[in-house]
Each structure stands twice: as structure tokens, then as C-alpha cells.
Amino acid sequence: MTDLWLISVPLDKTSSASVEKLKHAIAKTNLATCCKFSIPDLKVGILDSLLSVSDDLSKLDTQTESVIKKTCQCMKDVMDQATDKVLENALANGVDLISYVTQFQWDKAKYPTALPLSTLADIIYKEISQMETELKTQTAAYNSAKSSLQILEHKLDGNLQTRSLNNIVKKEDLVMSEYLTTLLVVVTQASFLQWEGTYESLSEFVVPRSSRKLYEDQEGGVFAVTLFKRDVPEFKMKAQERKFIVREYSYDVEEQMLEEMKKLSVHKKEQYGVFVRWLKMNFSQVFIAWIHLKALRVFVESVLRFGLPVNYQAFLLQTDKKRSKKLRKELSSLFMHLDPTATVTASKPDVNCDIPGLWQQEYFSYICFQISTNVLDYS
């Protein structure tokens with residue numbers, strides 16, 4: 001499983017030398033791969049505004065990651081947990097997520113660097129909030145189409161007492177006139193002989209020899225029987241006494257239901273296509289916004305931690321779970337000079353940390369933000 005760490009250190013001689021040592025160490029030990037992460041020159045503003053922006057970006061980071069997870073979960077659900085389909089559609093700018101992050105280029109057209117940091121954060125906030133709202137709407141529309149179809153499909157897939165019979169009964173099987181009607185009766189396998197011997201006597205005006213078996217399975221059979229309409233109530237009552245189930249049935253009503261199911265099936269397929277295209281497009285957009293947000297956080301925290309003038313270097317480390325502990329130890333050793341207390345703080349979460357925008361357990365002597373690109377872990 002790949003881990004991406006977005007690291008920032010000051011651009012002083014000691015730190016620059018440490019970065020070179022790090023590159024040499026990871027090349028030698030295969031702990032990770034390292035590449036430059038380009039962040040443009042942004043407007044710093046005043047310190048008070050930076051502190052406020054740092055806090056806003058931290059909250060927005062959590063919200064954006066939540067939207068990514070919800071979008072991924074929708075992808076999994078709509079694609080029936082098909083791993084290859086999810087990975088095929090979970091792209092950023094048309095490329096896989098790791099490629100996008102490692103080749104990151106700031107989108108100046110969408111996020112103009114001349115704007116204040118607070119304005120850039122607000123642009124991302126509005127973008128993410130709109131996507132979250134649209135996700136709810138799109139999900140509700142798809143689930144409604146899916147649920148309506150499932151309800152009708154359930155009627156087709158039930159037992160003989162509840163399922164639709166239109167794939168069993170033909171219109172010519174039914175006698176419908178001013179005085180006569182045809183009833184459909186469900187009889188268990190064990191009661192076939194009993195039915196044949198008694199159905200004519202269940203009421204006075206049953207048409208003799210009118211019983212016809214229309215369908216049979218392991219559960220039982222469906223029989224059609226013709227009688228006078230006025231005799232239906234008595235026939236039903238006597239049939240119930242002998243455990244024969246008279247189905248409430250209308251050929252026209254069930255034909256309408258099948259037509260409705262065909263329409264709903266077409267509608268669901270259309271909604272599926274619309275929903276998948278929307279998920280693909282919006283996953284890309286929200287992930288791109290998230291990486292720009294990470295870049296903003298690196299810039300803001302670098303100014304707050306390392307001071308003015310802005311002078312830092314950001315790079316991306318790609319490692320895996322097995323090597324992460326060893327890599328973290330290597331980083332702590334190389335950059336301990338930035339803050340010797342960081343090692344204590346990282347190992348003891350209860351130690352107070354006053355660095356804005358950073359949780360206590362995330363505090364190291366260098367700046368570090370983790371980026372998860374494994375969409376199969378999102379839920």
C-alpha cells in the first residue's frame with residue numbers, strides 16, 4: 001500500500017544538506033522515492049490572517065477528504081464493488097492519482113495565485129460544498145430509480161402466492177364474460193389430487209372440467225378454474241378451508257406492471273450512465289481541489305513555522321506501510337535541528353503543541369501532510 005508524504009523544510013544550508021542526505025539514503029536503502037513538489041509564490045498577507053487561514057484550511061481538508069470518501073463509496077456501490085471498474089474511473093485529470101500528485105502543477109486559471117490565501121480557500125470551500133450537495137442529489141436520484149425497479153422485480157421473483165403470473169398466464173387462459181370469470185389457484189404438490197377431486201364442489205356454479213394446470217414447480221402449481229362471478233366469494237371461502245390459495249389477479253394490471261418495469265429498467269440504465277459519468281468527473285475535480293488544498297497548507301504552515309521571507313522547499317516522498325516507520329526515523333534524525341522537541345512531542349501525544357493547523361500527533365520537526373491515493377481503502 002502506497003503512502004505519500006508531502007514534506008516541507010526551510011531552504012537553509014543545514015536543511016538543504018539534510019535533503020541531499022535523505023535522497024542519498026532512500027536511494028541506497030530503497031525506503032522511498034523522492035520528487036519535487038512545485039508550489040507557486042502565493043500572497044502571504046499579515047500574520048493574523050495566516051493563523052486564521054491555517055485553521056480554516058485544516059477544517060476544509062477534513063471536509064474535502066470526507067467528500068472524496070463518500071464519492072468513492074458511491075462508486076463502489078454503483079459498480080457492485082468491482083475493483084477494476086472503480087480504479088478505472090477514479091482518476092484525476094485523466095491519470096491515476098499517484099501520477100497526478102507526483103506530477104502536480106498548480107492550476108493558475110482555476111486558483112489565481114494573485115488572490116489572497118483566504119480567497120483561494122473560499123474558492124475551494126464553495127467548490128467542495130457544491131460537490132457535496134450535488135452528490136446527495138445524484139445519489140438520491142439513482143437510488144430512487146434502483147429502489148423502484150427492485151420493488152417490481154421482487155414481485156416477479158417471489159413465490160407462487162405473491163409473484164407476478166404474467167409470464168405464466170396467457171390472455172386466452174382466462175374466461176371473462178358478463179357472467180363467468182376465471183380464478184387462479186395456487187395448490188401445493190401434495191394437494192394436486194385433492195384439488196382435482198374437490199374443486200368442482202367448492203361452490204355450486206363451477207364449470208365442470210374447467211380446471212387447467214398452467215404452471216408447476218417444486219413448490220406447487222397454478223390452476224385456472226372457471227365459475228360464475230356470483231359464486232366467487234363462496235368458492236374463495238371453501239378453497240381457503242382446504243388450504244388452496246386463490247390469487248388476486250388482473251391480467252391488464254400485471255401487464256401494466258411489466259411495462260412499468262421495462263420503463264424503470266431503461267430509466268435505471270440511463271441513471272447509471274449519468275451517475276457514473278458524474279462520479280468520474282466530480283471525483284477528479286474534488287481530488288484535484290484536495291491536492292491544491294494540501295499545497296496551500298504546506299505554504300501557510302511553512303511561513304508560520306519557518307518565518308519570512310518565504311524560503312522553503314517542498315518535496316514528495318512515496319513509500320509503503322512496511323518502510324514508513326524506518327523512513328520516519330530517518331527524517332527525524334536528519335531534521336532534528338529544526339526542533340529538537342519534536343521527537344518528544346511525536347512520541348507523546350499528550351505533550352502540548354501550539355503549532356497552528358497541526359494536530360498534536362502530526363507534529364514533527366519538519367512539516368508533513370499525508371495524502372491517501374488508495375481509493376479502495378475509502379469507505
Side-chain angles (χ1 to χ4, degrees), residues 1-9 19 22-23 26-27 30-42 57-58 60-73 75 83 86-111 113 117 120-121 123-125 127-128 131 279-302 312-324 327-328 330-331 357-358 362 364 366-379:
M1 190 183 301
T2 302
D3 278 351
L4 291 177
W5 297 353
L6 187 50
I7 306 291
S8 174
V9 295
V19 170
L22 175 66
K23 290 178 180 178
I26 62 178
N30 201 30
L31 278 177
T33 58
C34 180
C35 64
K36 184 180 178 183
F37 190 86
S38 299
I39 301 174
D41 294 331
L42 300 169
L57 290 176
S58 178
L60 184 53
D61 195 340
T62 303
Q63 179 187 354
T64 305
E65 188 169 5
S66 172
V67 175
I68 290 174
K69 289 180 178 180
K70 289 175 185 175
T71 307
C72 283
Q73 188 58 53
M75 277 190 183
T83 300
V86 174
L87 292 175
E88 183 183 324
N89 287 277
L91 305 174
N93 241 5
V95 300
D96 65 89
L97 305 184
I98 290 179
S99 295
Y100 177 78
V101 178
T102 54
Q103 300 165 19
F104 174 75
Q105 294 293 323
W106 184 276
D107 188 345
K108 293 184 179 180
K110 197 171 185 180
Y111 309 107
T113 54
L117 295 172
L120 291 174
I123 290 173
I124 295 176
Y125 170 75
E127 187 179 4
I128 298 305
M131 288 181 193
L279 286 170
K280 183 176 181 178
M281 180 183 70
N282 283 270
F283 176 84
S284 176
Q285 290 182 3
V286 73
F287 189 84
I288 289 169
W290 192 44
I291 303 306
H292 280 79
L293 177 59
K294 293 289 188 184
L296 271 178
R297 294 196 71 187
V298 169
F299 178 83
V300 170
E301 303 309 328
S302 296
Y312 70 96
Q313 54 183 323
F315 54 94
L316 195 69
L317 293 178
Q318 183 178 337
T319 185
D320 58 43
K321 293 288 184 185
K322 293 179 181 178
R323 296 176 176 84
S324 60
L327 179 60
R328 188 67 76 188
E330 185 74 25
L331 286 166
L358 291 181
E362 288 183 327
F364 306 103
Y366 49 92
I367 290 169
C368 178
F369 292 106
Q370 291 187 321
I371 301 173
S372 175
T373 58
N374 192 345
V375 297
L376 298 179
D377 283 345
Y378 289 139
S379 60

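- Other residues, nucleotides and ligands contribute at most 12 non-hydrogen atoms within 6.0 Å of the NZ atom of Lys36.
- Counting heavy atoms from C-beta outward, His292 and Leu120 have side chains that stay 4.5 Å or more apart.
- If you take CG on Leu117 and CG on Leu57, they are separated by 7.5 Å, rounding to the nearest 0.5 Å.
- Residues Leu293 and Ile128 form no side-chain contact, since every pair of their non-hydrogen atoms from C-beta on lies 4.5 Å or further apart.
- Using a 4.5 Å heavy-atom threshold, the side chains of Leu327 and Leu331 count as touching.
- Side-chain atoms of Thr373 and Leu4, non-hydrogen and from C-beta on, do get closer than 4.5 Å to each other.
- With rounding to the nearest 0.5 angstrom, the CG atom of Leu60 is 4.0 Å from the OG1 atom of Thr64.
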For Phe283 and Val86, what are the C-alpha separation, side-chain angles and deciding distance, and is it a side chain to side chain contact (heavy atoms under 4.5 Å, CB included)?
-> CA-CA 11 Å; Phe283 176 84; Val86 174; over 6 Å; no

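- The environment of CZ in Phe315 is crowded: more than 12 heavy-atom neighbours from other residues, nucleotides or ligands sit within 6.0 Å.
- Between Gln285 and Glu127, the closest heavy-atom pair is O-OE2, 4.2 Å.
- If you take OG on Ser302 and CD on Gln313, they are separated by 10.0 Å, rounding to the nearest 0.5 Å.
- One finds the CG atom of Leu279 at 14.0 Å from the NZ atom of Lys70 (value rounded to the nearest 0.5 Å).
- Using the six-membered ring where Trp is involved, Trp106 and Phe104 have ring planes that are perpendicular, over 60° apart on the 30 and 60° scheme.
- Considering CD1 of Ile39 and CZ of Phe299, their distance stands at 8.5 Å, rounded to 0.5 Å.
- For the pair Tyr312 and Ser8, the tightest heavy-atom approach, listed with the atom from each and the gap, is CD1-OG, 3.4 Å.
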Using the side chain to side chain contact (heavy atoms under 4.5 Å, CB included) rule, take Ile288 and Tyr100 through it: C-alpha gap first, then chi angles, then the decisive distance, then the call.
-> CA-CA 8 Å; Ile288 289 169; Tyr100 177 78; 3.3 Å; yes

Hey, mind stepping through Val101 and Leu316 against side chain to side chain contact (heavy atoms under 4.5 Å, CB included) and telling me if it holds?
-> CA-CA 9 Å; Val101 178; Leu316 195 69; 3.5 Å; yes

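- Phe287 has its side chain out of reach of Leu91: every pair of non-hydrogen atoms, C-beta onward, lies at least 4.5 Å apart.
- Judged by distance alone, the side chain of Ser66 and the main-chain N or O of Thr62 form no donor-acceptor pair under 3.5 Å.
- Annotation: side chain of Thr33 is not in contact with side chain of Ile26 (no heavy-atom distance under 4.5 Å).
- The heavy-atom pair separating Thr319 from Ala32 by the smallest distance is CB-CB, 3.9 Å.
- Within the 4.5 Å cutoff, no side-chain heavy atoms of Leu97 are placed close to those of Ile371.
- Leu317 places a side-chain heavy atom less than 4.5 Å from the side chain of Leu22.
- We find the CZ-CZ distance between Phe369 and Arg297 to be 4.0 Å, quoted to the nearest 0.5 Å.
- Met131 approaches Asn282 most closely through the heavy-atom pair CG-OD1, 3.7 Å.
- In plain terms, the two heavy atoms of Leu31 and Arg323 that are nearest each other are O-CD, 3.5 Å.
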